[in-house]
Participant: 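I am attaching a structure below and will ask some questions about it afterwards.
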Amino acid sequence: MATSQLTASAMNLASFEGLRPSTVKFASFGTLKPGALTQRSFKGLVVKAATVVAPKYTSIKPLGDRVLVKIKEAEEKTEGGILLPTTAQSKPQGGEVVAVGEGKTVGKTKVESSVKTGAQVIYSKYAGTEIEFNGANHLLLKEDDIVGILETDDIKDLKPLNDRVFIKVSEAEEKTAGGLLLTEATKEKPSIGTVIAVGPGTLDEEGNAKPLSVTPGNTVLYSKYAGNDFKGNDGSNYIAMRAPEIMAVLA
């Protein structure tokens, strides 16, 4: 991803000489003008530089299996109407597909992209290259980095792609085996859940999808730090991961 991470321990303000102000964006402050910060302000700050496409270019055509996604804007308010500061706004993981490449070659078979222009998609959190184009933020990423298609406003309706599996996470245990009540801080992160939906599977050399070994309704045990976490509109926790990250089916 075209993201540079710099901290105060590895730089001083002179490090920014020569950078165009319009290309430097600060996750905690939004877009800043030269002279707006002192050196002390950079302590622990992460700098994210997006590639700016000049106005003279009017279109972007992805190549191969790459997809161009217009990033959904971050929520500025809570459901209760409380205005969120920039630091509290969660980074979007979704957007609209605005252009797709010609596809990829698997073995001797040419396979078209499984996502189409106009589709609303969810992608992996740290995927792709950020691009500022026509005054809007876009992400240029490989199709394999797209987790699934979402046609509603609720993540529970996600349709996974490729070898992704979408799981509803089981509730964390409220008590220990001895009956002691656990606090939120001491509850262990669950690594068990129920499969809600599965992708069509990976492609073989003939371009045919190979079905996954898990199906909707299975209760599964998965790697504790795998996948991408999501929160449903009803407060339920969900996770999307690749099939190989699932370790076992429980019965």
Participant: Quick one: does any side-chain atom of Asp234 pair with a main-chain N or O of Ser236 as donor and acceptor, under 3.5 Å?
Facilitator: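 Yes, Asp234 side chain to Ser236 backbone: donor-acceptor pair under 3.5 Å.
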Participant: Closest approach of Pro200 and Pro160, non-hydrogen atoms and distance?
Facilitator: CD-O, 4.0 Å
Participant: Set out, in order, the CA-CA distance, both residues' side-chain angles and the distance that settles side chain to side chain contact (heavy atoms under 4.5 Å, CB included) for Asp157 and Ile155, then state yes or no.
Facilitator: CA-CA 5 Å; Asp157 299 318; Ile155 193 66; over 6 Å; no
Participant: So, does Glu143 use its side chain to make a donor-acceptor pair with the main chain of Ser114 at under 3.5 Å?
Facilitator: yes
Participant: Could you state whether Leu141 and Val147 fall into the same hydrophobic cluster, counting links through intermediate Ile, Leu, Val, Met, Phe, Trp or Tyr residues with side-chain heavy atoms under 4.5 angstrom apart?
Facilitator: no
Participant: Does Glu245 reach the side chain of Tyr222, with side-chain heavy atoms less than 4.5 Å apart?
Facilitator: no
Participant: Under 4.0 Å between a side-chain nitrogen and a carboxylate oxygen: does that hold for Lys159 and Glu151?
Facilitator: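 Counted as a salt bridge, because a side-chain N and a carboxylate O are separated by less than 4.0 Å.
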Participant: Can you get from Ile149 to Leu158 by hopping between Ile, Leu, Val, Met, Phe, Trp and Tyr side chains that sit under 4.5 Å apart?
Facilitator: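 Unlinked, Ile149 and Leu158 end up in two clusters.
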Participant: Strictly distance-based, threshold 3.5 Å: is any side-chain N or O of Gln93 a donor or acceptor partner for the main-chain N or O of Tyr123?
Facilitator: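 Side chain of Gln93 to backbone of Tyr123: a pair is present.
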Participant: With the threshold set at 4.0 Å, does a side-chain nitrogen-carboxylate oxygen contact exist between Arg242 and Asp144?
Facilitator: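 Looking at Arg242 and Asp144, the cut-off is met.
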Participant: Under the side chain to side chain contact (heavy atoms under 4.5 Å, CB included) criterion, do Val249 and Val214 qualify, and how do the steps go?
Facilitator: CA-CA 8 Å; Val249 175; Val214 295; 3.9 Å; yes
Participant: Among the clusters formed by ILVMFWY side chains lying less than 4.5 Å apart, do Val115 and Val98 turn up in the same one?
Facilitator: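 Different hydrophobic clusters.
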Participant: Treat each ILVMFWY residue as a node, draw an edge where side-chain heavy atoms are under 4.5 Å apart, and state whether Phe230 and Leu150 are in one component.
Facilitator: yes
Participant: Could you check Asn162 against Thr202 for side chain to side chain contact (heavy atoms under 4.5 Å, CB included), going step by step and ending with a plain yes or no?
Facilitator: CA-CA 5 Å; Asn162 302 315; Thr202 54; 5.7 Å; no
Participant: Is Ile131 close to Leu139 at the side-chain level, that is, under 4.5 Å between some pair of heavy atoms?
Facilitator: no
Participant: Check whether Lys61 reaches the backbone of Val100 with its side chain - one donor and one acceptor, N or O, closer than 3.5 Å.
Facilitator: yes
Participant: Give a yes or no on whether the backbone of Asn233 and the side-chain of Asp154 come within a donor-acceptor separation of less than 3.5 Å.
Facilitator: yes
Participant: After noting the C-alpha distance and the side-chain angles of Asn137 and Glu132, does the key distance pass the side chain to side chain contact (heavy atoms under 4.5 Å, CB included) rule?
Facilitator: CA-CA 5 Å; Asn137 293 323; Glu132 187 177 311; 4.3 Å; yes
Participant: Please confirm whether the backbone N or O of Ile192 pairs with a side-chain atom of Ser170, one donor and one acceptor, at under 3.5 Å?
Facilitator: yes
Participant: Is the shortest side-chain N to carboxylate O distance from Lys210 to Asp204 below 4.0 Å?
Facilitator: no
Participant: Determine whether Leu140 and Val67 fall in the same hydrophobic cluster, where Ile, Leu, Val, Met, Phe, Trp and Tyr are linked whenever their side-chain heavy atoms lie under 4.5 Å apart.
Facilitator: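 No, Leu140 does not connect to Val67 through the hydrophobic network.
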Participant: With no hydrogens and no angle check, do the side chains of Lys231 and Asn237 hold a donor and an acceptor under 3.5 Å apart?
Facilitator: yes
Participant: Ser124 side chain to Tyr126 main-chain N or O, any donor-acceptor pair under 3.5 Å?
Facilitator: no
Participant: Specify whether Tyr238 and Phe166 have parallel, tilted or perpendicular ring planes, treating 30° as the upper limit for parallel and 60° as the lower limit for perpendicular.
Facilitator: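 Parallel, since the angle between the ring planes stays under 30°.
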Participant: Just wondering, more than 12 heavy atoms not from Glu112 lying within 6.0 Å of its CD?
Facilitator: no
Participant: List the atom of Gly199, the atom of Leu212, and the distance in Å for their closest heavy-atom pair.
Facilitator: O-CD1, 3.9 Å
Participant: Closest heavy-atom contact between Ala136 and His138?
Facilitator: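 That would be O-ND1, 3.1 Å.
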Participant: Determine the minimum heavy-atom distance between Met247 and Ser223, stating which atoms define it.
Facilitator: CE-N, 3.8 Å
Participant: So for atom CG, which belongs to Asp153, do other residues, nucleotides or ligands contribute more than 12 heavy atoms lying within a distance under 6.0 Å?
Facilitator: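 It does not: Asp153 CG has 12 such atoms or fewer within range.
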